[in-house]
Amino acid sequence: MTVLLDGYARTMRSERYNAKEAEPKWRQVWNEHDLFATKNDDPRPKYYVLEMFPYPSGRIHMGHVRNYAMGDVVARYKRARGFNVLHPMGWDAFGMPAENAAMQNKVHPKEWTYANIASMRSQLQSMGLSLDWSREIATCDPAYYKHQQSMFVDFLKAGIVDRKTAKVNWDPVDQTVLANEQVIDGRGWRSGALVEQRELTQWFFKITDFAQDLSDKLDTLDRWPEKVRLMQRNWIGRSEGLLVRFALAPETTPNGDSELEIYTTRPDTLFGARFLALAPDHPLARSVAETNPELAAFIEECKRVGTAQEAIDKAEKLGFDTGIRAVHPFDPSWTLPVYVANFILMDYGTGAIFGCPAHDQRDLDFVNKYGLGNTPVVCPPGQDPATFTVTDTAYDGEGRMINSRFLDGMTIEAAKDEVARRLESETRHNRPVAERKVNFRLRDWGISRQRYWGCPIPIIHCDECGVVPVPKEQLPVVLPEDVSFDVPGNPLDRHPTWKHVSCPQCGGKARRETDTMDTFVDSSWYFARFTDPHLADAPTDPGVVDHWLPVDQYIGGIEHAILHLLYSRFFTRAMNQTGHSNVRDGEPFAGLFTQGMVVHETYKASDGTWVQPSEVRIESDGSQRRAVHVTTGAPVTIGSVEKMSKSKKNTVDPDDIIASYGADTARWFMLSDSPPERDVIWTEEGVQGAARFVQRVWRLVSEIAERSGAADGAAPTGPRGTAVRKAAHKALAAVGEDVERLRFNRCVAHLYELANALQEQINPTGPASEPGLAEAFREAGRIFVQLLAPMMPHLAEEAWQVLGQDGLVAQASWPKLDPSLLVEDTVTLPVQVNGKKRADVTVARDADQATIEATVLSLDAVQKAMEGKPARKFIVVPQRIVNVVV
RNA sequence: GCGGACGUGGCGAAACUGGUAGACGCAAGGGACUUAAAAUCCCUCGGGCUUGCCCGUGCGGGUUCGAUCCCCGCCGUCCGCACCA
């Protein structure tokens, strides 16, 4: 039904956009045209946009919606801009939850995982993401992990893999190693059992070999958040110091050791030394403990202190004097006691230190407990060296050396250098006494897990030949499917036949490695595999992977700021070194964006249990918001806004939202309001606002379609047509710039502004016809829909059709900007007198200073504010502001 | 403890990084249409008063013609690391 208005046929406003019908329709059209399948040999410039692939938990959550909506905006925008866009999706499909499900529900991990993948795939597809599903991969697929095993073998041959014993968190109930984050207050997160420290032989990736490069190249990652780079830099923890060999007084060493090597970053404080300290598991400590039962007991006690952070926090500094005396490197007559101390770590430096209490808080706490005293050797600026003392607080700031003989008066840096220089050139037993050494906090990456649902480590243990890699032609080592989870421990280890094999070298009886790889390995190269996901004979085709990498824009959660990103950076380097790729600088991700969480109010019933948002109705009496239970009507307490979590029941199911509002509404809301790096609050009002805008766009587009019917290509000349064109091109420029910078909330605002501006010109305030107005509307409608398309792709296709445009908006090139429409002929400048705004002045855009001065001075408001005083100074900032100083 | 980020209306936030503070949205209030509701449309919306001005970006100083933005000192919130010598 139509009515006549202003001479135009007009669709009745009651006609609503039906997302439920339109969305599946357009998705089918995209599919049929294979719109988002990417060819590797496409000649256009490449753009690789990737969101962190999900763990297939079974359901997507709002965090996924936000993450994938952002990536999709970038993908669709870049496609319109003429790039050959790679935008793939896959599944981080190995991991513990599948095994937990197996234990609890008697369902096989594989079955559980693939069922979850199927349901999550269909959920993601309902979002209308422009993904190349033909490249889909799952890390639990032997076709994927085969290549991971093959690279493990290559890394092993290249010396990037190591096998050594390491201390691990052992859960005695589940009989498995736990990651640090799985130990909560000293107990296993699942079993609740007290976690033990065990020494196990483990496989390691030698990430420390790359520590220097991983640290250095952070400087080149200028499209990463500064915060993430800093976190990685701290994690790698590069420090420059000195290894110093202290001679031991022979009469004090029970087992004939003659020296002790320590590591320090403060060689300048050597004259402030009061003691040396060893880690409890330092070889010298162990050897002395063999003949000293008291020390042995002390060492045992140190081990019992848990690894839980709380325990470390509260632990008092404890030491045990071994009786050994070390000789000061600059004074043969000066000896220092050697302690074993609980706060010294064996796996950093040499596991031994010298303590300078005046300038290190830990050492100060220690000497204060054992009465060893301290000597300040750095005097803070402005302090009198004669009176400067340290009692409870160590001084670690700048200053000049004191009490340090030949170092006195030097800066800290100069003193460090002088000590290093002197000790380097001095030799004992033909070796220099000291050596400069760069140390890293970063440890090698232990990848062994006593788990079933992971990538098997392709190794065979033979009594004759030792550790033998599985020959490549025998890969993949496939997980056996006939396993049970009714007893704790690793099903691979207790499988009746799987681990029994013959040695590839000698043919004798041998055993498979039953550990599987940390799932972080799986996610460390998936982005490379996406470039040629079905390649059968190799993990990657170097030509292809080098074409696509680095990922131009990677988007994901800040929770992966360290591990996943660091491991991936290591992996690309290792792949480069083993000929699998030749990615520049070994950097996999050129651009990184970490998005904020989706948070929601929490609700609690009177009995203290959490209540789901869907069971809550919010009532408002104008000033106060109250919540009641939907069915019982009982009052519900509105709690704080928190990250959506199952335990607090403050989740909103994307399926429900898409079913009732459509995917476009969900996407639009997730992109609006908050800056993408910040948390966004999910509110019912917010979704409804987004849904209202969808309908508003629909009505607006219909009205534009009616008004542009008569477009004949004639250029608009009237004020309304010009206003329409200016609004459209302004939005075009702004949205383009903001998508490039991932400022989606501002894109949303620009589109609201454009909608408002177009509406203003549609509402008839005068004669409807004006030369070229129809043409202006035609152009503006087209631009409006194209700007919307990356964010609300289904609605945009429907609108595109209503506007009578050819083809699909998903395939249309980005509109061409007319920069002349962005500049105004005249400009209105605020006028300040002594920095306070008093008037506005409208002048020609290119008006010279004299003209502006004259115009400004002629204004009554300015004259009044100047109170008859002469202008001392005239500040004119072109296009910005005028300030008169009197 | 160390390192970092952030504090702007009732709320989420803008402000082209030194140039009109509060764009855009949400909520709220008033009005129109309607038998009524929903939807839609129009108006108001930082605070104060003398309706023109004053105050206002966590607090206190400073630099500047001019400060949300730069500097110094506090207060608060959040995040990361946590005995790394």
Side-chain angles (χ1 to χ4, degrees), chain A residues 13-14 16 225-228 230-235 237-239 241-242 262-266 269 277 279 309 312-313 315 317 341-345 347-356 359-363 365-366 393 396 439-443 558-559 561-562 620-623 625 641 669 672-675 677-681 683-690 692-693 695-696 699 734 737 743 745-756 759 763 828-840 861 871-886:
Chain A
R13 286 187 167 184
S14 59
R16 288 176 66 79
E226 188 51 50
K227 178 190 169 78
V228 174
L230 187 71
M231 281 166 70
Q232 292 220 351
R233 192 169 283 118
N234 291 341
W235 186 265
R238 183 182 190 277
S239 68
L242 201 64
I262 61 95
Y263 179 73
T264 181
T265 56
R266 290 296 302 272
T269 63
Q309 291 190 355
I312 292 170
D313 238 11
K317 304 228 172 333
N342 66 346
F343 63 98
I344 308 301
L345 304 172
D347 45 6
Y348 187 81
T350 62
I353 60 129
F354 83 81
C356 174
H359 305 289
D360 183 294
Q361 192 61 47
R362 294 161 302 184
D363 298 344
D365 293 344
F366 188 75
T393 309
D396 59 2
N439 236 316
F440 296 94
R441 185 186 165 276
L442 183 69
R443 303 292 146 74
I558 186 76
E559 65 273 22
I562 297 174
S620 174
D621 60 2
S623 58
R625 289 173 77 246
V641 173
F669 177 43
S672 57
D673 286 346
S674 292
E677 69 278 8
R678 242 181 267 180
D679 291 351
V680 66
I681 306 176
T683 61
E684 191 57 27
E685 292 83 1
V687 197
Q688 282 168 3
R692 264 200 306 274
F693 185 65
Q695 296 302 333
R696 204 178 142 207
R699 290 191 303 271
E737 192 182 314
R743 302 202 287 201
N745 58 320
R746 304 200 340 166
C747 295
V748 166
H750 298 311
L751 284 162
Y752 271 110
E753 275 177 338
L754 178 55
N756 290 345
Q759 193 69 55
N763 294 336
T828 301
L829 300 174
V831 178
Q832 295 181 337
V833 177
N834 286 340
K836 296 216 169 187
K837 195 204 157 189
R838 298 298 174 184
D840 289 301
R872 277 201 298 127
K873 204 168 168 188
F874 235 98
I875 293 146
V876 178
V877 184
Q879 318 287 314
R880 287 256 186 265
I881 204 165
V882 180
N883 193 6
V884 187
V885 186
V886 298

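Heavy atoms only: backbone and side chains are in, while hydrogens, waters and symmetry mates are out.
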Review item, nucleotides 4-11 of chain B N/O atoms under 3.5 Å of protein N/O:
none

Is the phosphate of [N] approached by [X] (side-chain N or O, under 4.0 Å from OP1 or OP2)?
{"X": "R692(A)", "N": "C26(B)", "result": "yes"}
{"X": "Y263(A)", "N": "A85(B)", "result": "no"}
{"X": "K836(A)", "N": "G52(B)", "result": "no"}

Salt bridge present between R443(A) and D347(A) (N-O < 4.0 angstrom):
yes

Is the shortest heavy-atom distance from the side chain of [X] to the side chain of [Y] under 4.5 Å?
{"X": "D363(A)", "Y": "F343(A)", "value": "yes"}
{"X": "D840(A)", "Y": "P830(A)", "value": "yes"}
{"X": "R838(A)", "Y": "V831(A)", "value": "no"}

Nearest-Å distance once atom [atom1] is located in both [N] and [M]:
{"N": "C78(B)", "M": "G30(B)", "atom1": "C1'", "answer": "40 Å"}
{"N": "G31(B)", "M": "C49(B)", "atom1": "P", "answer": "24 Å"}
{"N": "G46(B)", "M": "C11(B)", "atom1": "P", "answer": "13 Å"}
{"N": "U17(B)", "M": "C79(B)", "atom1": "C1'", "answer": "24 Å"}
{"N": "G18(B)", "M": "U64(B)", "atom1": "C1'", "answer": "9 Å"}
{"N": "G10(B)", "M": "C2(B)", "atom1": "C1'", "answer": "38 Å"}
{"N": "C26(B)", "M": "G62(B)", "atom1": "P", "answer": "42 Å"}
{"N": "U51(B)", "M": "G7(B)", "atom1": "P", "answer": "37 Å"}

Side chain of [X] only, heavy atoms from C-beta on: which candidate in [options] is closest?
{"X": "R696(A)", "options": "C41(B), A13(B), U20(B)", "result": "C41(B)"}
{"X": "L345(A)", "options": "A39(B), A85(B), C65(B)", "result": "A85(B)"}
{"X": "I344(A)", "options": "C65(B), A85(B), C81(B)", "result": "A85(B)"}
{"X": "E685(A)", "options": "G3(B), A27(B), C24(B)", "result": "A27(B)"}
{"X": "T265(A)", "options": "C65(B), A85(B), A13(B)", "result": "A85(B)"}
{"X": "R441(A)", "options": "A13(B), U20(B), C81(B)", "result": "C81(B)"}

All stems with RNA chain B, defined as three or more consecutive Watson-Crick or G-U pairs under 3.5 Å
B:1-7 with B:75-81, B:10-12 with B:24-26, B:28-32 with B:40-44, B:46-49 with B:52-55, B:58-62 with B:70-74

Answer yes or no: side-chain N or O of R838(A) and base N or O of C53(B) forming a donor-acceptor pair under 3.5 Å.
no

Just checking [X]: base, sugar-phosphate only, or nothing, at a heavy-atom cut-off of under 4.0 Å?
{"X": "N756(A)", "answer": "sugar-phosphate"}
{"X": "N745(A)", "answer": "sugar-phosphate"}
{"X": "T683(A)", "answer": "nothing"}
{"X": "S672(A)", "answer": "nothing"}
{"X": "Q832(A)", "answer": "base"}

Starting at CG of L242(A), measure out to OG1 of T265(A) and round the result to the nearest 0.5 Å.
10.0 Å

Short side-chain to backbone donor-acceptor contact, D360(A) and G355(A), under 3.5 Å:
no

Short side-chain to backbone donor-acceptor contact, Y263(A) and Y348(A), under 3.5 Å
no

Earlier contact from the 5' end, RNA chain B, for F343(A) and G686(A)
G686(A)

Considering heavy-atom distances to RNA chain B, does A352(A) or T828(A) have its closest nucleotide positioned more toward the 5' end?
T828(A)

Rounding to a whole Å, what distance do you find between [X]:[atom1] and [N]:[atom2]?
{"X": "H750(A)", "N": "C16(B)", "atom1": "NE2", "atom2": "P", "result": "12 Å"}
{"X": "Q688(A)", "N": "A39(B)", "atom1": "CD", "atom2": "P", "result": "8 Å"}
{"X": "D673(A)", "N": "A27(B)", "atom1": "CG", "atom2": "P", "result": "11 Å"}
{"X": "I875(A)", "N": "G19(B)", "atom1": "CD1", "atom2": "C1'", "result": "10 Å"}
{"X": "I881(A)", "N": "G66(B)", "atom1": "CD1", "atom2": "C1'", "result": "7 Å"}
{"X": "R743(A)", "N": "C24(B)", "atom1": "CZ", "atom2": "C1'", "result": "14 Å"}
{"X": "D360(A)", "N": "A82(B)", "atom1": "CG", "atom2": "C1'", "result": "14 Å"}
{"X": "E753(A)", "N": "A13(B)", "atom1": "CD", "atom2": "C1'", "result": "13 Å"}

Return the orientation label for the F693(A) and Y752(A) ring planes: parallel under 30°, perpendicular over 60°, tilted otherwise.
tilted

Please list, chain by chain and in numerical order, all residues satisfying side-chain hydrogen bond (donor to acceptor under 3.5 Å, both in side chains) with R696(A), sequence neighbours excluded.
N756(A)

Using the side-chain contact (heavy atoms from CB on, under 4.5 Å) definition, which of the options V884(A), V885(A), N883(A) pairs with N834(A)?
V885(A)

Identified side-chain contact (heavy atoms from CB on, under 4.5 Å) partner of N745(A) from the options S672(A), P675(A), S674(A):
P675(A)

Can K317(A) be said to sit on top of F366(A)'s aromatic six-ring, NZ or CZ under 6.0 Å from centre and within 45° of the ring axis?
no

G12(B) glycosidic conformation (syn if within 90° of 0, otherwise anti) is anti

